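Take a look at the structure set out below.
What you see is a predicted model, and the numbers here were worked out from it, not measured in a lab. Residue numbering restarts at 1 for every chain, and letters A, B, ... go by the order of the sequence lines.
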Protein chains: 2
Amino acid sequence: MSLTADAADQPTLYKRIRADIEKRILTGEWPPGHRIPFEHELVARYGCSRMTVNKALSELAQADLIERRRRAGSFVRRPQHQSAVLKIADIRAEITALGRAYGYELIGRKLRAATAADRDRLGVKKAGKVVAITCRHSADKVPFAVEDRLIDLSSVPNAATADFSREPPGSWLLHHVPWTEAEHTISAIVADDRTAEALDIAVGAPCLVIDRYTWRSARTITAVRLLYPGDSHRLVARFKGG
Amino acid sequence: MSLTADAADQPTLYKRIRADIEKRILTGEWPPGHRIPFEHELVARYGCSRMTVNKALSELAQADLIERRRRAGSFVRRPQHQSAVLKIADIRAEITALGRAYGYELIGRKLRAATAADRDRLGVKKAGKVVAITCRHSADKVPFAVEDRLIDLSSVPNAATADFSREPPGSWLLHHVPWTEAEHTISAIVADDRTAEALDIAVGAPCLVIDRYTWRSARTITAVRLLYPGDSHRLVARFKGG
DNA sequence: TTGACTTATATGTCTAGACATATAATCGTA
DNA sequence: TACGATTATATGTCTAGACATATAAGTCAA
């Protein structure tokens, strides 16, 4: 929720110091580049030890709100430098969060030796086995998204025997495999025959596409393509550092 | 007596402790729900003071990798619980980062009293003035995105006199107005006549749409709609907590 | 069995110091 | 004037304590 309780709820001291400074930065009173008071000045102002103001300033630095330079001081950073942070929820969580009934349907599942196309899609060179899954997510019985996924069995051997007829592969993976990095590509296409049928929309209607690749320390885990009807997929972004 | 076995390590001790724990979590050695050692145990293991391990654990908690509960201990959190964090770059930064020449062209700029549609779009009730801007961004002279923006002058009075013929309004705002919250809606449409012409694509071709609303402490600043050719807008997501 | 009370304990915050380290500023020299 | 060495200083890390506070767990009475 919104930070910066207007008055002092009397949280702990270092939180108050942090909030005070954060407020001045966010209101623009201390613009980017401005040097905020030295630690010893804040120590004097708040009448506390240096470790306390240091903790407040360290957290602000960790949140990228300020930059600290030895001998020079601490400076307000340019706000998030032209970037926002978006949160993409898991489909099931997303639908249930909207208060709608989540539905899942496995359309196809194949275990096969990786074809050249599979290897290309997963970004791996060595031959190996993969699981290819096609499924559909729905909200209140209305198609919400279709999913086309490839899982690298050399990274996730368990996936060979997992039962994806009930549990969506995305949820299964999230609970069984920790990931460290992911990349998304968002694009738009117009629905072809197959897609139109799966999503119950007209051929030629716009579709939102999210391609996601997930790795765990340089090891590809899965590649997934999600197709949504184009009329809107909502993502919420929040200012960093809550 | 500060004689940890290897005192001359490169990173500082608390960073090493943090990295050690992080590694065990990311490799899955300590799965979600696992209780990590108590502070006093880590103090014994690393031969340091409690404040040092506390700093390591606090940072891990701040990065949402662990959850700390009084009297109970610290526990590995479910990884990002079905969510990813996406970074949306500013268009100019995005294009220059790709090593392509950024181009900007102001198409239209109007200062007017807010119409009912404007107020609706900005989510404000009171009458007031707004600036409406239409412009185009290009990469290597090829249309990259068209932008249709509304700025609330009661929040950003300076925008009335700003020169948007050279500087894109998005960049101007980022440098002049700190924002605290933003919301994005991503969707797909098919190009109509006007859009097709502006982006130099065919009518009926898919387009990616990003609607962004920005506030500063509950005050609307701007609403912007960006239209990209559908063939791909790339966003990179990284696991939180670097 | 249940609910209220007590206790033990892990984390949360804070202190008053310490030494390390990077670097802005100054000074001295070529 | 330009450049290299020195110094001053703000941050970075760490210690060995302290008390506060939430709460899991145990205790006891209804």
Side-chain angles (χ1 to χ4, degrees), chain A residues 3 5 8-22 25 30 32-77 241-242, chain B residues 1-22 24-25 30 32-77 241-242:
Chain A
L3 53 160
D9 300 350
Q10 89 199 113
T12 58
L13 180 52
Y14 92 86
K15 279 183 182 155
R16 221 189 81 208
I17 299 173
R18 179 162 81 96
D20 283 356
I21 295 171
E22 203 165 308
I25 293 174
W30 287 348
H34 181 268
R35 208 210 78 223
I36 73 175
F38 294 131
E39 291 190 352
H40 65 83
E41 294 174 302
L42 292 169
V43 162
R45 178 179 313 175
Y46 288 96
C48 62
S49 83
R50 206 189 121 214
M51 277 302 284
T52 300
V53 313
N54 183 280
K55 177 157 188 172
L57 296 184
S58 294
E59 287 198 6
L60 288 169
Q62 233 190 309
D64 275 338
L65 267 174
I66 66 172
E67 185 192 345
R68 313 197 73 199
R69 291 205 301 271
R70 276 176 148 124
R71 162 79 210 232
S74 303
F75 301 83
V76 177
R77 285 193 46 152
Chain B
M1 43 160 73
S2 56
L3 34 114
T4 50
D6 14 13
D9 264 336
Q10 30 219 22
T12 57
L13 180 52
Y14 92 88
K15 278 183 184 156
R16 219 188 85 206
I17 299 174
R18 180 163 83 95
D20 283 357
I21 296 170
E22 202 166 313
R24 295 202 204 221
I25 293 174
W30 287 347
H34 177 87
R35 208 209 78 224
I36 73 175
F38 294 131
E39 290 191 351
H40 66 83
E41 294 175 305
L42 292 168
V43 161
R45 177 179 313 175
Y46 289 96
C48 62
S49 84
R50 209 191 114 209
M51 278 302 284
T52 300
V53 314
N54 183 280
K55 178 157 187 171
L57 295 184
S58 294
E59 288 197 7
L60 288 170
Q62 236 190 308
D64 275 338
L65 268 175
I66 65 172
E67 185 192 343
R68 312 197 73 198
R69 290 205 300 272
R70 276 176 147 125
R71 161 77 211 233
S74 302
F75 302 83
V76 177
R77 285 193 46 151

Can you tell me the distance, in whole Å, between the [atom1] atom of [X] and the [atom2] atom of [N]?
X        : N       : atom1 : atom2 : result
Met51(B) : dT15(C) : CE    : C1'   : 10 Å
Tyr46(A) : dT13(C) : OH    : C1'   : 17 Å
Arg16(B) : dT13(D) : CZ    : C1'   : 15 Å
Asn54(A) : dG17(C) : CG    : C1'   : 14 Å
Leu42(A) : dC14(C) : CG    : P     : 14 Å
Ile17(A) : dC14(C) : CD1   : C1'   : 11 Å
Arg18(A) : dT13(C) : CZ    : C1'   : 14 Å

side-chain contact (heavy atoms from CB on, under 4.5 Å) assessment of Met51(A) paired with Met51(B):
CA-CA 11 Å; Met51(A) 277 302 284; Met51(B) 278 302 284; 4.0 Å; yes

Which ring pair (Phe, Tyr, Trp, His ring centres under 6.0 Å) pairs, counting each pair once, include a residue from residues 40-59 of chain A, with sequence neighbours left out?
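Output for this query lists Phe38(A)-His40(A).
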
Could you work out, with side-chain hydrogen bond (donor to acceptor under 3.5 Å, both in side chains) as the rule, every residue matching Thr52(B), not counting sequence neighbours?
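In terms of side-chain hydrogen bond (donor to acceptor under 3.5 Å, both in side chains), with neighbours along the sequence ignored, Thr52(B) is linked to no residue.
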
Only counting residues at least two apart or in another chain, list the ones meeting side-chain hydrogen bond (donor to acceptor under 3.5 Å, both in side chains) with Arg45(B).
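Testing Arg45(B) for side-chain hydrogen bond (donor to acceptor under 3.5 Å, both in side chains), a comparison that skips the adjacent residues, returns none.
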
Between [N] and [X], is there an OP1 or OP2 to side-chain N/O distance shorter than 4.0 Å?
X        : N       : value
Lys55(B) : dT13(D) : yes
Thr52(B) : dT15(D) : yes
Lys15(A) : dT13(C) : yes

First encountered from the 5' end of DNA chain C, between Leu13(A) and Arg50(A):
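Its nearest nucleotide being more 5', the pick is Leu13(A).
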
How close do Ala56(B) and Tyr14(B) get, heavy atom to heavy atom, and via which atoms?
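Between these two residues, the closest heavy atoms are CB-O, 3.5 Å.
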
Side-chain donor-acceptor contacts of residues 65-72 of chain A below 3.5 Å, not counting sequence neighbours, with atom names and distances?
from	atom 1	to	atom 2	distance (Å)
Arg68(A)	NE	Ser74(A)	OG	3.1
Arg68(A)	NH1	Glu39(A)	OE2	3.3
Arg68(A)	NH2	Glu39(A)	OE2	2.6

Summarise how protein sits on nucleotides 4-10 of chain D as a single string, 5' to 3': B when a protein heavy atom is under 4.0 Å from the base, S for sugar-phosphate-only contact, - for no contact.
----BBB

Partner set under side chain to side chain contact (heavy atoms under 4.5 Å, CB included) for Val43(A), not counting sequence neighbours
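In terms of side chain to side chain contact (heavy atoms under 4.5 Å, CB included), with neighbours along the sequence ignored, Val43(A) is linked to Arg50(A), Val53(A).
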
Students often get this wrong, so: under 4.0 angstrom with heavy atoms, is Leu57(B) touching a base, only sugar-phosphate, or nothing?
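Answer is nothing: Leu57(B) stays at 4.0 Å or more from every strand.
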
